[in-house]
Amino acid sequence: MIRLEQVALELLEYKLKDISDNRDVRGGVASAWDLHHFLDKAQLTLSETEKARFSTAAQELRRLGTAPGKVKSALDTFEELVLDSFSDLGSGQNTASAHFEEVHQEILEANFESFDNYAIDAFGVTPEAVSKSAVLSTEPEFEREQSSLQDLASIVWWHDMEEVIQQLAVRCRVEKDRSMARLLYAITRNIQQALNSPSFSEDFAQGIVQVQIPITDFDDPLVSFSNLESLTQLVKDVIESIVHLGMKGTIYADLGIDRSYALDYTKRLAVAIAKDPYAGKLSAVPSKGPSSAQIRIAIQELAKEPLREDERKQQKLELEARLQLTLEQERRLKSMLEQDSKRFMQSAQAFFDRLEPFLPQRVGGQASDPSLPPGVLFALNPALVLTQIPKDAKAVTIRLNKEPVRLMLSSNEIGISQLEHGITLMINHYEYPLIDQLKIDMRQQKLYAFLKDDYIHLKLKDDSKSLAASLAEAMAVLFVLSSSQRDELLKVIKTAANVAVGEPQMIIENAIQRLRDLSDRAPSRRRALDGLLRGAARALATDIEENLMMGLVQRLITAMAVSSDDLTVVLEGTDSTQAFVHQLGNDPLSLTIGKQMTTIRKYKARSESATESLVVMLPGRIIGSFTRTLIQPFPGGTIICVRAADELAVLYFENTFIESEPIF
């Protein structure tokens with residue numbers, strides 16, 4: 001059977017040959033880079049021969065042309081002004097705004113009377129025209145402002161990553177042998193060792209990744225593989241290494257890695273470590289006594305020794321017997337090494353599959369670069385000035401100028417005052433001293449405040465979603481992931497809702513909120529959603545089967561309209577084979593799901609900011625970990641777990657299958 005990776009590799013080789021021979025190639029060098037990125041993500045599934053061919057092709061591609069995405073000389077729209085912490089102003093293009101004009105044209109063609117204008121306004125177009133000269137200004141105060149906003153965007157991004165980091169740490173914690181944690185520790189140590197290698201840049205350019213420090217044993221006294229806080233920091237260290245590789249102002253600046261290859265290098269290093277986990281040795285524990293090769297040499301040298309024939313014969317027999325024992329021991333160690341290597345390879349695959357959708361494209365990931373919502377209240381740069389906060393906004397950035405600030409954010413009255421003893425934040429008539437990062441728990445929301453220099457970013461997060469609403473959203477996600485046009489539906493949803501890239505589940509959940517806001521004022525929500533989705537499909541030149549389009553619209557409407565009292569209605573509307581609803585306590589929950597004994601257990605780090613995670617396990621196997629929702633392949637079908645407060649719903653869908661998502 002021909003594999004897609006095999007076809008892509010051969011096509012890449014053909015394209016590179018034509019390019020090097022100065023022949024016209026459809027799509028040019030950019031199309032070759034598309035194939036390169038696809039194969040890079042599938043590298044763990046390539047054979048040794050294919051990996052060698054891919055490495056050769058990658059070197060040839062770098063010689064023929066650089067990766068696409070060079071710095072633009074001008075910004076065409078205000079939405080292209082990305083405030084990111086990884087780049088200079090104007091580099092790259094926001095994926096979410098790439099289809100902006102096409103989607104708007106399709107919405108206009110839908111003819112929803114008064115809904116048309118609202119849909120356009122909801123995309124965040126600024127009411128005032130912005131001149132390019134203002135955007136590209138290099139005034140010192142504007143540059144300082146931009147630098148502060150970049151730092152602020154980075155702070156907010158790291159905060160958003162905390163939940164992902166903690167879930168990864170929990171996944172490391174529940175493994176019996178801690179293979180993932182040990183692999184991550186080896187990655188950080190080998191990257192640190194690379195800082196001292198004068199030939200690192202040249203080796204990396206040639207595709208050479210050397211393992212200098214082996215994977216440590218489980219009981220290494222220098223690191224704790226059982227403490228959740230220690231594992232959380234370990235995961236964060238790996239992510240920081242990826243984010244900072246090749247970045248100016250960091251210890252990794254001199255490694256000579258193009259920042260777009262930061263994730264690529266780390267993945268290649270992980271693969272190299274998984275293949276050679278003990279850095280040339282057969283085991284993490286040093287073997288005692290000589291190796292088989294050394295014993296063979298001793299047997300050969302024995303003939304040269306001035307011994308009597310009977311003594312020589314006796315020593316030879318002893319050496320040969322010892323050789324047989326050593327060979328048997330080495331065979332056992334090699335067999336164990338192969339098992340360890342396979343386990344570490346699976347851990348590497350699972351870790352990077354989970355992490356890649358959240359990492360910025362600037363370092364080789366799939367997500368948009370860290371950014372703040374367009375516009376800043378009272379900004380110095382006229383190009384950034386926000387004149388009015390949108391009614392549906394959940395976040396806003398403000399420049400402090402010693403004058404009291406009053407604003408409304410999603411029906412919350414917020415005031416900011418600068419006093420002699422510091423900055424005070426008042427929300428709904430309650431005062432809070434403002435520090436670098438602040439979390440305020442309200443009845444149904446959380447308010448996060450982030451401070452950097454004279455700039456503050458406020459972000460609201462709804463915390464009131466009922467079990468019924470979360471379950472209805474999960475059913476919409478399952479419908480998309482299990483459909484025959486999974487990828488096409490995801491593209492249509494992203495375009496219609498104008499959401500950034502990320503995990504499929506995150507894309508759909510964000511799209512539901514976005515499409516709800518877009519259709520709130522429409523005369524008919526069904527017609528509005530149907531028109532938005534069909535318009536996005538036309539803009540993408542994608543044909544969606546009629547039954548899939550109708551089914552998607554219905555599930556989106558259900559997710560938007562369900563109330564907290566509709567749990568029974570939602571459960572009855574599913575076609576699940578089994579459904580359970582339980583109150584969560586501190587003790588593990590045991591269920592029989594599809595004839596499988598299943599355990600659901602709580603895990604939480606001791607820090608105040610830590611989020612409690614739930615882990616679903618079968619005997620000897622981890623199904624996944626989650627904080628709110630888990631949609632995961634399960635023996636014989638798919639399992640959905642949804643948590644709201646202390647309630648947990650577990651649904652099993654026999655013979656309903658989704659593509660294998662990262663196991664977390």
Residues [X], [Y]: salt bridge by 4.0 Å N-O rule:
X      : Y      : result
Glu612 : Arg643 : yes
Asp520 : Arg525 : yes
Asp160 : Lys459 : yes
Arg526 : Asp530 : no

Hey, could you give me the [atom1]/[atom2] distance between [X] and [Y], rounded to the nearest 0.5 Å?
X      : Y      : atom1 : atom2 : value
Gln632 : Ile640 : CD    : CD1   : 11.0 Å
Leu359 : Leu263 : CG    : CG    : 6.0 Å
Leu384 : Gln146 : CG    : CD    : 6.5 Å
Glu240 : Tyr252 : CD    : OH    : 7.5 Å
Asp454 : Phe378 : CG    : CZ    : 13.5 Å
Leu377 : Leu386 : CG    : CG    : 5.0 Å

Relative to each other, are the rings of Phe450 and His159 parallel, tilted or perpendicular (30° and 60° limits)?
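It falls in the perpendicular class, over 60°.
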Verify, without hydrogens or angle tests, whether [X] (side chain) and [Y] (backbone) share a donor-acceptor contact under 3.5 angstrom.
X      : Y      : value
Thr250 : Gly246 : no
Glu145 : Leu380 : yes
Ser241 : Asp237 : yes
Ser625 : Val170 : no
Ser483 : Val480 : yes
Gln485 : Asp543 : yes
Ser519 : Ala522 : no
Arg516 : Ala511 : no

Heavy-atom side-chain proximity of [X] to [Y] below 4.5 angstrom:
X      : Y      : result
Pro360 : Pro370 : yes
Ile242 : Leu355 : yes
Ser147 : Glu143 : no
Val642 : Phe626 : no
Met560 : Leu515 : yes
Phe142 : Pro382 : yes
Thr266 : Phe352 : yes
Leu648 : Leu467 : no

Decide side chain to side chain contact (heavy atoms under 4.5 Å, CB included) for Thr542 and Lys491; before the verdict, give the C-alpha distance in whole Å, the side-chain angles of both, and the deciding distance to 0.1 Å.
CA-CA 9 Å; Thr542 300; Lys491 290 178 182 178; 5.8 Å; no
Which heavy-atom pair separates [X] from [Y] by the least distance, and what is that distance?
X      : Y      : result
Ile165 : Thr232 : CG2-O, 3.6 Å
Ala153 : Leu372 : CA-CD2, 3.8 Å
Glu356 : Gly364 : OE2-O, 4.0 Å
Leu460 : Gln445 : CD2-OE1, 4.0 Å
Lys446 : Asp441 : CE-OD1, 3.0 Å
Pro504 : Leu481 : CB-CD2, 3.6 Å

Please check if atom CE in Met550 has more than 12 non-hydrogen atoms from other residues, nucleotides or ligands closer than 6.0 Å.
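Check fails, neighbour count at 12 or below.
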Determine, step by step, whether Leu447 and Leu438 satisfy the side chain to side chain contact (heavy atoms under 4.5 Å, CB included) criterion, reporting the C-alpha distance in whole Å, the side-chain angles of both residues, the deciding distance to 0.1 Å, and the verdict.
CA-CA 8 Å; Leu447 176 69; Leu438 176 66; over 6 Å; no
Do you see a donor-acceptor pair shorter than 3.5 Å between the side chains of Ser260 and Asp258?
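Note: Ser260 and Asp258 side chains meet the donor-acceptor criterion.
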Do we see a donor-acceptor contact under 3.5 Å between the side chains of Thr629 and Glu473?
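The answer is no; no qualifying pair exists.
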Among Val156, Leu152, Leu149, side-chain contact (heavy atoms from CB on, under 4.5 Å) partner for Lys452
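In the set Val156, Leu152, Leu149, the residue that makes a side-chain contact (heavy atoms from CB on, under 4.5 Å) with Lys452 is Leu152.
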Trace of the side chain to side chain contact (heavy atoms under 4.5 Å, CB included) decision for Lys236 with Glu162:
CA-CA 9 Å; Lys236 191 171 183 178; Glu162 280 298 321; 3.9 Å; yes
Please evaluate residues Leu400 and Asp453 with respect to the criterion side chain to side chain contact (heavy atoms under 4.5 Å, CB included), reporting the C-alpha separation (whole Å), side-chain torsions for both, the decisive distance (0.1 Å), and the verdict.
CA-CA 9 Å; Leu400 304 176; Asp453 299 330; over 6 Å; no
